[in-house]
Amino acid sequence: MANTSPPPPPPGGDPAPAGPWSTGAGQWASDSRPAGYAPTGPVERPGPIQTAVMLMRLGAVLSAIGVLVAFLQTDAIRDAIREADSGLTESEVDNGVTGYLVVVVVTGLVAIGLWLWMAAANGEGKRWARTLATVLGGLSIVFTLLSFAQDGATALSVALSLVSLALAAVILWMLWRPESTAYYDRMSGPR
């Protein structure tokens with residue numbers, strides 16, 4: 001009985017020999033790689049993935065800036081709390097400001113962690129990471145748009161929100177480019 005399984009990739013490299021399991025150009029055909037195939041040599045990230053990873057790291061920096069901006073706006077936060085309920089004592093206003101800042105710091109740290117985790121996982125070509133980044137990016141876009149309907153936004157917070165909105169949209173576009181899909185297929189194997 002003839003052996004019909006594809007030949008393994010040559011030692012020290014990923015290109016496949018020409019044959020029925022390759023595209024004829026020294027590369028595995030995307031639909032004919034053996035199950036569980038993973039590249040044996042280094043795989044270069046395509047430009048859109050490089051850009052998306054860089055922008056995700058920038059997103060982490062912007063999240064950190066957002067936390068710092070909240071601390072710079074304590075007077076505006078204090079005024080907004082007073083306007084919301086004029087019957088509050090100074091102690092209650094101070095507690096409100098502190099509570100707000102705690103929430104901002106915790107959500108900021110979570111956002112920084114998510115940005116960096118998604119940058120690393122997508123840079124490694126993990127298909128699940130692209131799916132999760134798409135869900136998180138979509139939620140970010142929706143919540144950013146909803147935040148524009150709230151009162152009390154400062155010009156700086158609106159500017160940061162607009163940058164965040166554009167960042168999420170560009171990252172999602174980069175992650176779903178054809179070169180990116182080919183990279184995910186190559187790193188994670190075909191579906």
Side-chain angles (χ1 to χ4, degrees), residues 45-181 183-184 188:
R45 288 182 195 160
I49 294 292
Q50 290 282 50
T51 302
V53 167
M54 179 196 65
L55 292 175
M56 287 178 192
R57 291 177 183 152
L58 177 61
V61 170
L62 288 176
S63 293
I65 290 171
V67 170
L68 295 175
V69 165
F71 281 96
L72 296 175
Q73 296 179 331
T74 55
D75 290 337
I77 295 166
R78 185 177 309 283
D79 293 342
I81 292 172
R82 281 190 190 117
E83 286 178 27
D85 188 350
S86 61
L88 295 176
T89 66
E90 279 305 305
S91 175
E92 291 170 329
V93 171
D94 289 341
N95 288 340
V97 170
T98 301
Y100 177 82
L101 292 175
V102 166
V103 169
V104 167
V105 168
V106 169
T107 57
L109 291 174
V110 168
I112 291 167
L114 285 173
W115 278 117
L116 295 175
W117 180 44
M118 287 293 94
N122 279 285
E124 293 172 4
K126 298 189 184 298
R127 190 178 288 123
W128 63 263
R130 177 170 67 167
T131 302
L132 183 56
T134 301
V135 170
L136 293 173
L139 288 172
S140 174
I141 290 170
V142 168
F143 286 124
T144 300
L145 291 173
L146 290 174
S147 74
F148 291 138
Q150 295 177 352
D151 292 335
T154 64
L156 187 56
S157 65
V158 169
L160 281 173
S161 293
L162 288 173
V163 170
S164 176
L165 184 68
L167 193 64
V170 170
I171 288 170
L172 291 178
W173 184 68
M174 292 290 177
L175 291 179
W176 288 97
R177 303 274 303 144
E179 311 93 301
S180 299
T181 298
Y183 176 70
Y184 286 108
S188 301

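Each residue takes its place number in the sequence, starting with 1.
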*Got a sec: does the CH2 of Trp128 have more than 12 other heavy atoms crowding it under 6.0 Å?*
yes
*Considering all heavy atoms of both residues, which atom of Ala133 and which atom of Leu172 are nearest to each other, and what is their separation?*
O-CD2, 3.7 Å
*Looking at CH2 of Trp115 and CG of Leu167, how far apart are the two atoms once the value is rounded to the nearest 0.5 Å?*
4.5 Å
*Approximate separation, where rounding is to 0.5 Å, of Thr51 OG1 and Met56 CE*: 11.0 Å
*When rounded to the nearest 0.5 angstrom, what is the spacing between CH2 in Trp173 and CG in Leu55?*
11.5 Å
_Considering all heavy atoms, the nearest Arg57-Ala119 contact_ = CG-CB, 4.2 Å
*Nearest 0.5 Å, what's the CD-CG distance between Gln73 and Asp79?*
11.5 Å
_salt bridge (Lys or Arg N to Asp or Glu O under 4.0 Å), that's the test. Do Arg45 and Glu124 meet it? Break it down for me._
CA-CA 8 Å; Arg45 288 182 195 160; Glu124 293 172 4; over 6 Å; no
_Minimum side-chain heavy-atom gap Ile49-Leu175 below 4.5 Å_ = yes
*Which heavy-atom pair separates Ser63 from Ala111 by the least distance, and what is that distance?*
OG-CB, 3.6 Å
*asked:* So which atom in Thr144 and which in Ser164 form the shortest heavy-atom distance, rounded to 0.1 Å?
replied: OG1-OG, 4.4 Å
_Measuring from atom CD1 of Ile81 to atom OG of Ser86, what distance do you get when rounded to the nearest 0.5 angstrom?_
13.5 Å
*For residues Val104 and Ala70, report the shortest heavy-atom separation together with the two atoms involved.*
CG1-CB, 3.6 Å
*Side-chain donor/acceptor of Ser140 to backbone N/O of Leu136, under 3.5 Å*: no
*Considering only NZ, NE, NH1 and NH2 on the basic side and carboxylate oxygens on the acidic side, decide whether Glu92 and Arg82 come within less than 4.0 Å.*
no
*Atom pair CD1 (Ile171) and CE (Met54), whose distance is rounded to the nearest 0.5 Å*: 9.0 Å
_Using side-chain heavy atoms (C-beta onward) and a distance below 4.5 Å, is Tyr100 in contact with Thr74?_
no
_Taking every non-hydrogen atom, the tightest pair across Pro48 and Arg177_ = CB-CG, 4.0 Å
*Does any N or O in the side chain of Ser180 come within less than 3.5 Å of the main-chain N or O of Trp176, such that one atom is a donor and the other an acceptor?*
no
_Within-4.5 Å side-chain heavy-atom neighbours: Phe148 and Leu162_ = yes
*Is Met174 close to Val170 at the side-chain level, that is, under 4.5 Å between some pair of heavy atoms?*
yes
